[in-house]
There are 2 protein chains.
Amino acid sequence: MRPQKIDDTALLARLIDVFRSKGYEGSSLNDLAASAGLKKASLYHRFPGGKEEIVTAVLEHTTTWGKTHIEETLADQTVPARQRLEKVIDNIDALYAQGTKTCLFRALSMDTGVPTLDSLIQIDMNNWVQAFKTFAQEIGFTSEVAHQKALQTLINIQGSLIITKGLNDTTIFKNTLHTIKYLYYPTL
Amino acid sequence: MRPQKIDDTALLARLIDVFRSKGYEGSSLNDLAASAGLKKASLYHRFPGGKEEIVTAVLEHTTTWGKTHIEETLADQTVPARQRLEKVIDNIDALYAQGTKTCLFRALSMDTGVPTLDSLIQIDMNNWVQAFKTFAQEIGFTSEVAHQKALQTLINIQGSLIITKGLNDTTIFKNTLHTIKYLYYPTL
DNA sequence: GTCTATAGCTAGATAGAC
DNA sequence: GTCTATCTAGCTATAGAC
C-alpha cells in the first residue's frame with residue numbers, strides 16, 4: 001500500500017479550517033482537497049461518502065475535542081476548581097486562535113440541506129452547557145443559576161467571536177474570555 | 001411599461017430572508033428569485049450587477065433599518081431614555097422574529113470572496129456600537145464603561161442568537177433580550 | 001493511496017421574445 | 001418588466017491508470 005500524504009488527524013485539522021472559514025456551501029471539494037495538499041479523487045478515497053461524510057467527520061472530531069478539552073478538563077477532580085476553569089479558558093483561546101478563527105458550529109449552522117448537521121451541533125452545544133453547568137454547581141451555585149451561567153458562558157464566547165470578526169478587533173474576544181472566570185468567581 | 005410583480009421594499013425583504021438563512025454561497029440566484037416569485041432573468045433586470053449587487057443592496061437596506069430603528073430611536077430626545085431603550089429592544093426582537101431568524105451580518109461574514117461585504121458589515125456594527133455607547137453616556141456612564149456596555153449588548157444579541165439556533169430553544173434569546181436593559185439600569 | 005480524465009449537473013450570467 | 005432559452009464555468013462525483 002502506498003503511504004498517506006497526510007495522516008488522518010492532520011487532514012481533519014485542515015478540513016476544519018476550510019469549513020469554518022467558508023461554511024458548508026462555500027467550501028468546495030477543490031478547496032478542501034487543496035488545503036490538504038490532495039486532489040478531489042483522493043478525498044473521495046478517504047471519505048467515500050463525499051462532502052457529507054467529510055463534514056460529519058469534522059464535527060465528530062470537534063465533539064471529541066470538546067470531550068477532552070472542555071468536559072473532562074472541567075470535571076477533573078484531581079485539580080483545583082479555579083485552575084480547571086482557567087485551563088479550559090486557555091483551551092478555548094487556542095481553539096479560536098485568540099479570536100482570529102471563527103466557530104465551526106456557527107459556520108455550519110446555516111440552512112445547508114444536510115439535516116444531520118443541526119442535530120450534531122445541538123448535541124455538542126448541549127455537552128458544553130452541561131459541562132459548565134456541572135462545574136458551576138460543584139462550586140456552589142444552584143442548578144438554575146448554574147444553568148444560566150453556563151448559557152452566558154457560551155453566549156459570551158460566540159457573541160464575542162462574531163463582534164471580533166465584524167469589527168476586526170481581537171481585543172474584544174480577549175477581553176470577553178478574560179471576564180468569563182468572574183461569572184463563576186464574582187468576588188475575584 | 002409593464003407593472004412590477006413585487007415592489008422594491010417587499011423584494012428586498014424576501015432577498016434578506018434567503019441570505020440570512022442560507023448565507024451568501026448557499027443562496028443561489030434561483031433560490032433568491034423563487035422566494036420573490038420571479039425568475040432569474042428578472043432579478044438581473046432589477047439588479048444588473050447580479051449576486052454582488054443584490055447582497056450589497058440587502059446590506060444597505062439593513063443599514064437604513066438600523067439608522068431608524070436603533071440609532072434614531074436611541075437618540076430621540078423627545079422620549080424618556082428608558083422608554084427609548086425598551087423600544088429599541090422591541091425592534092430587535094421583531095428584527096430577529098423572537099430569535100427564530102438568524103442575523104444577516106453573521107450569515108454574510110464568512111469568507112465569501114466578496115471583499116466589500118466585510119467593510120459594509122463593519123460599518124453597520126460600528127454604528128450600532130456607537131448608538132448604544134452614546135445612549136449609555138447620556139444616562140451617566142463614562143466613555144469607557146459606556147463602550148463596554150455597548151459591546152456587551154451586541155455580544156449578548158449575537159451570542160444568544162447562535163445558542164438559540166444551536167440548542168433550538170427560543171427562550172434563550174427571549175431571556176437575553178430581557179436582561180439587556182439591566183446592563184443600562186442595574187438598579188431595576 | 002494518489003492521480004488524470006471525465007461524466008452529469010447546477011451555478012451565475014446573457015440574449016432576445018413578448 | 002418578465003419571461004424562455006442558452007452559454008460557460010464550476011460543482012459533486014466516478015472510472016480507471018499508476
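Order of the sequence lines sets the chain letters (A, B, ...), proteins ahead of strands, with each chain counted from 1.
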- Does E52(A) or K40(B) map to a spot on DNA chain D nearer the 5' end, using the closest nucleotide for each? K40(B)
Between [X] ([atom1]) and [N] ([atom2]), how many Å, whole number?
| X | N | atom1 | atom2 | value |
| --- | --- | --- | --- | --- |
| L43(B) | dG12(C) | CG | P | 11 Å |
| F47(B) | dG1(D) | CZ | C1' | 14 Å |
| N30(B) | dT2(D) | CG | P | 16 Å |
| K39(A) | dG16(D) | NZ | P | 22 Å |
| L29(B) | dT6(D) | CG | P | 20 Å |
| E25(B) | dT12(D) | CD | C1' | 15 Å |

- Residue A41(B), side-chain heavy atoms: nucleotide from dC3(C), dA13(D), dT4(D) that is nearest: dT4(D)
- Message: Can you tell me which nucleotide in dT14(C), dG1(C), dT14(D) comes closest to the side chain of Y44(A)?
- Response: dT14(D)
Side chains of [X] and [Y]: do they bring a donor and an acceptor to under 3.5 Å?
| X | Y | value |
| --- | --- | --- |
| R84(A) | T78(A) | no |
| D31(B) | S28(B) | yes |
| Q122(A) | D118(A) | no |

- Task: Verify, without hydrogens or angle tests, whether S21(B) (side chain) and D111(A) (backbone) share a donor-acceptor contact under 3.5 angstrom.
- Result: no
Do any side-chain nitrogens or oxygens of [X] fall under 4.0 Å of OP1 or OP2 in [N]?
| X | N | result |
| --- | --- | --- |
| S42(B) | dG1(D) | no |
| H45(B) | dG1(D) | yes |
| K51(A) | dT12(D) | yes |

- Message: For the residue pair K149(B) and F132(B), would you count it as a cation-pi contact if the rule is NZ or CZ under 6.0 angstrom from the ring centre and within 45 degrees of the ring axis?
- Response: no
- Message: Please classify the nucleic acid contact of K5(A) as base, sugar-phosphate, or nothing, using heavy-atom distances under 4.0 Å.
- Response: sugar-phosphate
- Between Y24(B) and R2(B), name the one whose nearest nucleotide on DNA chain C is closer to the 5' end. Y24(B)
